[in-house]
Amino acid sequence: MIHMELSRIIINETHDEQVIVLKAVAGERAFPIVIGIWEAVTIDRNIKGKKTPRPMTHDLLENIIRDLNASLDRIIVNDLKDRTFYAKLILRRNGETIEVDSRPSDAIALAVRAKIPIYVHNTIIIEQGKKVC
């Protein structure tokens, strides 16, 4: 697995599809993931530390994880099938690891908010290698 970070959010308000770019923490490899407008806005809001008056969906997920005495340890973008990325939330609870299926956009929104590591499987990096941003 390769440790990645969110390097860019490209928001175009005239399109439904937005782009985030993940870049290797150590190195130059990078690749885009297409996400929805609301997820892009949420990620942008989380980066800027902006709060909303009431909990949004990602706030709710963070609250549930905390209230269940678990912690979000890291996220992993673990698969790519038919141009669709897949991710997992890796939770820790009572010394146990719990993996939860997630859309990458939701996982990245939570990772940015919680300031936890983002990892991507090597096979995805190799497959996306020719699409360096």
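Worth knowing before you read on, the calculation uses all heavy atoms, side chains too, and leaves out hydrogens, waters and symmetry mates.
Checked against Ile35 for a side-chain contact (heavy atoms from CB on, under 4.5 Å), the options Val19, Ile43, Asp16 give a single hit: Ile43.
Taken from CG in Leu6 to NZ in Lys23, the straight-line distance is 12.0 Å, to the nearest 0.5 Å. Expressed to the nearest 0.5 Å, how far CD1 of Ile65 lies from CD1 of Ile98 amounts to 9.5 Å. Glu99 CD to Asp73 CG: the interatomic distance, rounded to the nearest 0.5 Å, is 11.0 Å. Interatomic distance, CG of Leu22 versus CZ of Arg8, reported as 11.5 Å (0.5 Å rounding). With values rounded to the nearest 0.5 angstrom, Ile124 atom CD1 is found 9.5 Å from Met4 atom CE. Interatomic distance, CD1 of Ile9 versus CD of Gln18, reported as 10.0 Å (0.5 Å rounding).
Using a 3.5 Å distance cut-off with no hydrogens or angles, the side chains of Thr14 and Asn12 do pair a donor with an acceptor.
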So Phe31 and Val21, side chain to side chain contact (heavy atoms under 4.5 Å, CB included) or not? Walk me through it. CA-CA 6 Å; Phe31 66 92; Val21 178; over 6 Å; no
Verdict with reasoning, His58 to Asp106, per side chain to side chain contact (heavy atoms under 4.5 Å, CB included): CA-CA 7 Å; His58 298 97; Asp106 294 329; 2.9 Å; yes
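Residue Met56 belongs to no hydrophobic cluster, having no ILVMFWY side-chain heavy atom closer than 4.5 Å to its own. Alongside Leu68, the hydrophobic cluster contains Leu60, Ile64 (criterion: ILVMFWY side chains under 4.5 Å).
Residue pairs meeting the ring-ring contact (aromatic ring centres under 6.0 Å, His included) criterion with at least one partner in residues 59-78, sequence neighbours excluded, are absent. The salt bridge (Lys or Arg N to Asp or Glu O under 4.0 Å) contacts involving residues 32-41 comprise Glu39-Arg103, where partners must be two or more places apart or lie in separate chains.
Between the side chain of Glu17 and the backbone N or O of Gly36 there is no donor-acceptor pair closer than 3.5 Å. The closest donor-acceptor contact from the side chain of Thr52 to the backbone of Arg54 lies under 3.5 Å. Remark: side-chain polar atoms of Lys51 are not paired, donor with acceptor, to backbone N or O of Pro55 under 3.5 angstrom.
The side chain to side chain contact (heavy atoms under 4.5 Å, CB included) search around Val41 returns Ile37, not counting sequence neighbours. Residues meeting the salt bridge (Lys or Arg N to Asp or Glu O under 4.0 Å) test with Lys48, sequence neighbours left out: Asp44. With sequence neighbours left out, Glu5 forms a side chain to side chain contact (heavy atoms under 4.5 Å, CB included) with Val25. With sequence neighbours excluded, the residues satisfying side chain to side chain contact (heavy atoms under 4.5 Å, CB included) with Ser71 are Arg92. Listed by chain and number, the residues in a salt bridge (Lys or Arg N to Asp or Glu O under 4.0 Å) with Lys81 are Asp79 (sequence neighbours excluded). With sequence neighbours excluded, no residue satisfies salt bridge (Lys or Arg N to Asp or Glu O under 4.0 Å) with Arg93. Qualifying side chain to side chain contact (heavy atoms under 4.5 Å, CB included) partners for Arg66, counting only residues two or more places apart in sequence or in other chains: Asn63.
Criterion: ILVMFWY side-chain heavy atoms under 4.5 Å apart, direct or through other members. Under it, Ile20 and Ile76 are not part of a common hydrophobic cluster. Taking hydrophobic clusters as Ile, Leu, Val, Met, Phe, Trp and Tyr residues chained together by side-chain heavy-atom distances below 4.5 Å, Ile90 shares a cluster with Met1. Tyr86 is not connected to Ile2 by any chain of hydrophobic side-chain contacts under 4.5 Å among Ile, Leu, Val, Met, Phe, Trp and Tyr, and they are in different clusters.
The 12-atom threshold is not exceeded at NE2 of His15, counting heavy atoms of other residues, nucleotides or ligands nearer than 6.0 Å.
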Please list every donor-acceptor pair under 3.5 Å in which a side-chain atom of residues 109-120 meets a protein atom from a residue at least two apart or in another chain.
residue: Arg113; atom: NE; partner: Asp59; partner atom: OD1; Å: 3.4
residue: Arg113; atom: NE; partner: Glu62; partner atom: OE1; Å: 2.5
residue: Arg113; atom: NH1; partner: Asp59; partner atom: OD1; Å: 3.2
residue: Arg113; atom: NH2; partner: Asp59; partner atom: OD1; Å: 3.2
residue: Arg113; atom: NH2; partner: Glu62; partner atom: OE1; Å: 3.2

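Listed here is the closest heavy atom pair of Ser102 and Leu89: CB-CG, 4.0 Å.
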